[in-house]
2 protein chains.
Amino acid sequence: MTIKEIAKRANVSLGTVDRVIHDRGKVSKETKEKILRILKEVDYKPNFYARGLVLNKSYVITALVPDFDAGEYWEMPSRGIKQAAKDLNQFGIKVVFFYFDQNDSESFIRKVQEVLELKPDGVILTPVINFEAVKLCARLRTMAIPFSIIDSNIQNSGSISFIGQDAIQSGRLAAKLLSTSTGGKGKILILSIKNNENHNKTLQKRSEGFKDFLSQSDSLQDIKIVELNVDQRESNWKECLEDILVGQNPDGIYVPSSKVHFVAEVLMKRKLKIKLVGNDLIDNNLDFIAAGIIDYIIDQRPETQGYLAVENFYKYLVTKQRVENDYYLPLDIITKENYMYYRSQ
Amino acid sequence: MTIKEIAKRANVSLGTVDRVIHDRGKVSKETKEKILRILKEVDYKPNFYARGLVLNKSYVITALVPDFDAGEYWEMPSRGIKQAAKDLNQFGIKVVFFYFDQNDSESFIRKVQEVLELKPDGVILTPVINFEAVKLCARLRTMAIPFSIIDSNIQNSGSISFIGQDAIQSGRLAAKLLSTSTGGKGKILILSIKNNENHNKTLQKRSEGFKDFLSQSDSLQDIKIVELNVDQRESNWKECLEDILVGQNPDGIYVPSSKVHFVAEVLMKRKLKIKLVGNDLIDNNLDFIAAGIIDYIIDQRPETQGYLAVENFYKYLVTKQRVENDYYLPLDIITKENYMYYRSQ
DNA sequence: TTGTATGCGTTATCAT
DNA sequence: ATGATAACGCATACAA
């Protein structure tokens, strides 16, 4: 059903119908009501193609994400964002990337400046440098630029959506898998590998969930937990790591981040048979999952997170649909027997 | 870059450019080459909206799937297909469902007749009634109607794509999870619940993969496997099931289908603590996963399968993109700690 | 308050 | 072999 046909039905011109549809006023009450009635009756849906053609708008979305080396975690959201940019290009969606150094607040602040100068139609941001990210949210609100947050959330940020993970539940899940693997007993090591003070919120929540799970289960009271950190800013951190693993010799290890491959490396080299659970099916972890050195990876689809963030803007800006506020992605359990079907979804 | 602009560059009218783009001939060799060169130079991409508007085509896709009661497996693919039909409606994609009784070949044959009479632009089919499905593929090929297969595959069918699961690997994965849960030892029961002779190909492959995994692992040679069937066509099959479970009293049970909830029911009722692994996060299994009665569910995203099948036709028919031939979906591992994020993806 | 005309980019048809 | 033009449905500027 087209506007023209509706106009004919209502005995008015299509201009009048259009004014009613867009609520531009200048229509008498009676005709407005009549047209509204017909519109509802025929369940009028504007022709997507005609609408897109005449509007011919394009939208610039900026993606403010940490830079990365190949194989690292932040490559994944970037991939998803790029793929979505490609798929949605025909609808006028353009994505401009701004990469910052996650260990350097100043670099984030500089990139924020560049983003704001661009006056984009939407911003995708990652709250890795939390304090500055919160400030950015406030500025975007006053500038009336819609934004969405991926990875981890900022409460009451005013974003159109959050797309990410439930980090606490991720930790609980890890605890379930690891404790099952060690037969519900033994010594378990929670090993955090950090390289700055900024983005350990997620690590912290995962550890919390992990411990919570073990403490709440009556049958797992025999498990002994040891919590240790390794700081990548120390020059000898790799030796530290090795010393810890050999010295502690636990039955299971949980690394609440994508850096589990560093541990896997040591286990392989030293031929240590220790159950190992970590996060994120990044390239660096892939071989260790395939070899069974890492027993389980918990993955929250970072690629999909990036993709959905862009797609959400498409829905929000182009099709004017409402978008979900909070979008928690599934916590995928990945192991030697199913990892091969998890790449490039 | 529009056709008009390209025409100006080439000093011809836009009609000529159009003839070159669509290779309709009636263009001199020199001008054709010149235009082709410019087209490549500017990387011309037709405006999606204008194209859609002027073509104004609509496509009818038929979905030939088994009927179901609420909460059963086949509800999932149907849901995905419906969702895709809704999302892609604006692009002229219309889906017509034909539900058949999976225990009655005749009903399938009747529905096939109806499908063919409709002369659809595409067919989505499920090879549950394998023999008849193979015949249908042949007829669709001669009628030049593109079709795609979901769930389980038919070799060399000539489909534009297959979207489904790797059933053997699914069985292997189940074996890994269940054997880990029983501590790598004990008695394990493979329990198939059937109600016809048609669709046990998937069950068979899963069982095969399951046994294969156990036999190939040196450390799992202590595990004793018992294989049993329950036939739902017997009036007293529920009692049979109960007798088996109580009589065998195994350490772990693998039900290679979505019907694992029937076993879970008995375990709950009889308060039996037996490790249980099955397939498909259908509504009927949901409460048992939440309660921890079912330890692991392996799910191959049946909803996504349906969605992708329709989306593939959109790509194939509307945007004329190439589509993937074989599309194996990830084997998701679902358990008490992560099931809540797997519904309505 | 209402109606009309123009254009968006592509396709397809009709003249030349 | 080439060019001109109408049509798709919608949005909008402008005329009445």
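Note on naming: letters A, B, ... go to the chains in the order of the sequence lines (proteins, then strands), and numbering restarts at 1 for each one. Side chains are part of it too, since the values below use all heavy atoms of this structure and drop only hydrogens, waters and symmetry mates.
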Rounded off to whole Å, could you give me the [atom1]-to-[atom2] distance for the [X] and [N] pair?
| X | N | atom1 | atom2 | answer |
| --- | --- | --- | --- | --- |
| A/Asn47 | C/dC8 | CG | P | 18 Å |
| A/Lys8 | D/dG9 | NZ | P | 12 Å |
| B/Lys26 | D/dG3 | NZ | C1' | 14 Å |
| A/Met1 | D/dC8 | CE | P | 15 Å |
| B/Glu5 | C/dG9 | CD | P | 8 Å |
| A/Tyr49 | C/dT11 | OH | C1' | 14 Å |
| A/Asn56 | C/dT10 | CG | C1' | 13 Å |
| B/Gln90 | D/dC8 | CD | P | 21 Å |

If the cut-off is 4.0 Å, is [X] near the phosphate of [N], judged by side-chain N/O to OP1 or OP2?
| X | N | value |
| --- | --- | --- |
| B/Ser28 | D/dT2 | yes |
| B/Thr31 | D/dA1 | no |
| B/Thr16 | D/dT2 | no |
| A/Thr2 | D/dG9 | no |

What class does the angle between the rings of A/Tyr328 and A/Phe162 fall in, given that below 30° is parallel, 30 to 60° is tilted and above 60° is perpendicular?
-> perpendicular
Look at the aromatic rings of B/Tyr99 and B/Phe97 and report parallel, tilted or perpendicular, splitting at 30° and 60°.
-> parallel
If you count heavy atoms of other groups shown closer than 6.0 angstrom to [atom1] of [X], is the number above 12?
| X | atom1 | result |
| --- | --- | --- |
| B/Arg322 | CZ | no |
| B/Lys34 | NZ | yes |
| B/Lys82 | NZ | yes |

Hey, are [X] and [Y] close enough for a salt bridge, meaning a charged N less than 4.0 Å from a carboxylate O?
| X | Y | answer |
| --- | --- | --- |
| B/Glu5 | B/Lys8 | no |
| B/Arg343 | B/Asp283 | yes |
| A/Lys111 | A/Glu114 | yes |

Testing D/dT2, D/dG9, C/dT2 for proximity to the side chain of B/Leu53, the answer is D/dG9
What's the closest nucleotide to the B/Lys4 side chain, out of C/dC8, C/dG3, D/dG9?
->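 Within the option list, the nearest is C/dC8.
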Sugar-phosphate means primed atoms, P, OP1 and OP2; the rest is base. With that split, encode nucleotides 11-16 of chain D 5' to 3' as B, S or - using protein heavy atoms under 4.0 Å.
-> BB----
Could you state the interatomic distance from CG (A/Asn153) to OG (A/Ser159), rounded to the nearest 0.5 Å?
->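 Reported value, rounded in 0.5 Å steps: 6.5 Å.
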A/Asp299-A/Tyr342 side chain donor-acceptor pair, cut-off 3.5 Å = no
The helix from C/dT1-D/dA16 to C/dT16-D/dA1: angle between its terminal axes, five pairs each, to 10°?
->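 End-to-end axis angle: 60°.
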Applying ring pair (Phe, Tyr, Trp, His ring centres under 6.0 Å), run through B/Phe68 and B/Tyr73 and close with a yes or a no.
-> CA-CA 8 Å; B/Phe68 53 83; B/Tyr73 177 73; 9.9 Å; no
Within residues 33-43 of chain A, the residues having a heavy atom closer than 4.0 Å to DNA chain C are none
Sole residue of B/Ile6, B/Ile35, B/Val17 in side chain to side chain contact (heavy atoms under 4.5 Å, CB included) with B/Tyr44 = B/Ile6
